[in-house]
S.K.: 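If you scroll down you'll find the structure; I have some questions about it.
As the structure is a computational prediction, the values presented were derived from the model and not from experiment. All chains are named by letter (A, B, ...) in the order of the sequence lines, taking the proteins before the strands, and each is independently numbered beginning at 1.
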Protein chains: 2
Amino acid sequence: MGAERHNVSAVSDSPRRRIPEAALSRLPLYLRVLGELSNETVNQVSSEQLAELTGMNAAKVRKDLSYLGSYGTRGVGYDVNFLTYQIQRELGLNHDWPLVIVGAGNLGQALANYGGFTERGFSIAGVFDTDESKVGGVVGGVRVRHLDDLSQVVQSKNVSIGVLATPGEAAQEAANRLVRAGVGSILNFAPVVLSVPRGVSVRKVDLAGELQILSYYEQRRAANAVAREAAGAPARGVSA
Amino acid sequence: MGAERHNVSAVSDSPRRRIPEAALSRLPLYLRVLGELSNETVNQVSSEQLAELTGMNAAKVRKDLSYLGSYGTRGVGYDVNFLTYQIQRELGLNHDWPLVIVGAGNLGQALANYGGFTERGFSIAGVFDTDESKVGGVVGGVRVRHLDDLSQVVQSKNVSIGVLATPGEAAQEAANRLVRAGVGSILNFAPVVLSVPRGVSVRKVDLAGELQILSYYEQRRAANAVAREAAGAPARGVSA
DNA sequence: TGATGTGAACCCATTCACAGCC
DNA sequence: GGCTGTGAATGGGTTCACATCA
């Protein structure tokens, strides 16, 4: 595929250097911890401390942060508020993002009620469903609308993020509607692999899958316990 | 730190070869797709088809599956039911896993009601909270108990997986209780980095963090659009 | 002095490409 | 002939270790 090495002289230069996916996925974590430090009126923090608080190691923290620019002070550490600002800026969190939730079942309702989204600057522009018995109800302080109104809301409120919380059967069609309405990113809770046009970003959260992975660890732990009992050795854990 | 290189000759050798974390995390996905194929009474599937259905590529699928053993047939593909069985077996899904949910707020209730867990063989052995106004209520068909009863339930029902859905402030203490009660794996929805004894497995689901990552993509998309407008070039998307 | 920022080394994950088998 | 299973090659991510600078 594209064998470009220097992505320098692109169209007026990419708006900002691209952050590696793995590092990007940790920025929200740093952000949260920094927020807590700020509440405790801590002003400076070292990569060592940040590593401790996030369960990472210090070198990784420094490398991750270095993708944002050189915002630390050698011999001192990072200014908590300044670093917070820079991460927010990089993630695009310096303004609110309206989002829509599609699916007003158990999960959709919970997500609408879940304070964590609005707390972090994501306002809920609408909750949608096709089930007439749900339409008209109020969820998370928002009236549930029929999915047919999706496009209108997305456009009038400039929504670019959609949260998909339908049953699996309805997910692909709902995703199509989101895309047609103009949504560019989808957070998918439905147990389905979505097919979307190139350019649309999808992240998937697989709740049952997470449990299945834990099940694997538990099974190993159990098997180890049996093996240990047979041998009489006092080893512990599964090294997760 | 620990400079152990070969962890081979441990106690009586690990009960089964260890599956690389990355491959492990995809097994639930394969499993789900296989389940759908089975419903459609498809008997055989090639790595190519599985790749198509899961959004992976064929080589990755084959390598992932090869960690389980050699369960395919050259020139033919994989037997859907047999492969399903082998993955389930590897993940420890050939028996039910009881779990407890700690936190009966919005998220805890939603998870209890969410059919996806029980559908996949995880029964809910109990829902717990410390809030007296919640204790005694019924959620997901289960009575909410006081957190003080956790240990008793975990032990009598042999629970080894805990789902943590408390507010951040309560999460660490709740995790301590889970561990003390004997739970070995925790699925953590609280916006907190848990500290647990070595040997306990934790997986974290960061709902707000997922949105923040999408926000990054959207911000880039927006910036690209501006740059394109300035140049008049017809490129599309953010290459996510 | 002490902590950042970063090449280089290392390690794990993905992809390639083909031998092996049905 | 066709598809799996897997060594080898590649690539990305993590860690090391140190030059750099407040």
S.K.: Where along residues 30-51 of chain B does a heavy atom fall under 4.0 Å from DNA chain C?
M.R.: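 None - not one residue of the stretch has a heavy atom sitting under 4.0 Å from the strand.
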S.K.: With a sphere of 6.0 Å drawn around CD of A/Q44, does it hold more than 12 non-hydrogen atoms of other residues, nucleotides or ligands?
M.R.: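 Enclosed: over 12 neighbouring heavy atoms sit under 6.0 Å from CD of A/Q44.
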S.K.: What one-letter contact string describes nucleotides 14-22 of chain C from 5' to 3', where B marks a base within less than 4.0 Å of any protein heavy atom, S marks contact via sugar-phosphate atoms alone, and - marks no contact?
M.R.: BBBB-BBBB
S.K.: Closer than 4.0 Å, any side-chain N/O of A/Y78 to the OP1 or OP2 of C/dG5?
M.R.: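 Checking A/Y78 against C/dG5: at least one side-chain N or O falls below 4.0 Å of OP1 or OP2.
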S.K.: Yes or no on salt bridge (charged side-chain N to carboxylate O under 4.0 Å, His left out) for A/R32 and A/E36, after CA distance, side-chain angles and deciding distance?
M.R.: CA-CA 7 Å; A/R32 178 159 346 127; A/E36 277 159 26; 5.8 Å; no
S.K.: Spell out, as yes or no, whether a donor-acceptor pair under 3.5 Å connects the side chain of A/E210 to the backbone of A/V205.
M.R.: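 Judged by distance alone, no pair lies under 3.5 Å.
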S.K.: What is the first contacted nucleotide of DNA chain D and what is the last, in 5' to 3' order, if contact means an atom lying under 4.0 angstrom from a heavy atom of chain B?
M.R.: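 First-to-last contact on DNA chain D, by the 4.0 Å heavy-atom rule, is D/dG2 to D/dA8.
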S.K.: State whether the number of non-hydrogen atoms from other residues, nucleotides or ligands found under 6.0 Å of A/E52 atom CD is greater than 12.
M.R.: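 No.
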S.K.: Before accepting this row, confirm whether a basic side-chain N of the pair A/R203/B/E218 lies closer than 4.0 Å to the acidic partner's carboxylate O.
M.R.: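 Salt bridge absent between A/R203 and B/E218.
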S.K.: Taking B/Y216 for its side chain and A/I19 for its backbone only, find out whether a donor-acceptor pair lies under 3.5 Å.
M.R.: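 A pair under 3.5 Å: yes.
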S.K.: So, for A/Y217 and B/S185, which heavy atoms are closest and what is the spacing to 0.1 Å?
M.R.: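 Looking at all heavy atoms of both residues, the shortest contact is CB-OG, 4.3 Å.
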S.K.: Test B/V33 against every option in B/V45, B/T84, B/V80, B/T54 by the side chain to side chain contact (heavy atoms under 4.5 Å, CB included) rule and name the one that passes.
M.R.: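 Exactly one pass, corresponding to B/T54.
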S.K.: Mind telling me whether A/H95 and A/W97 have parallel, tilted or perpendicular rings, with 30° and 60° as the class edges?
M.R.: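 Rings of A/W97 and A/H95: tilted, 30 to 60°.
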S.K.: Should B/N188 and B/D206 be marked as a side-chain contact (heavy atoms from CB on, under 4.5 Å) after you check the CA-CA gap, both sets of side-chain angles, and the distance that decides it?
M.R.: CA-CA 8 Å; B/N188 177 27; B/D206 180 357; over 6 Å; no
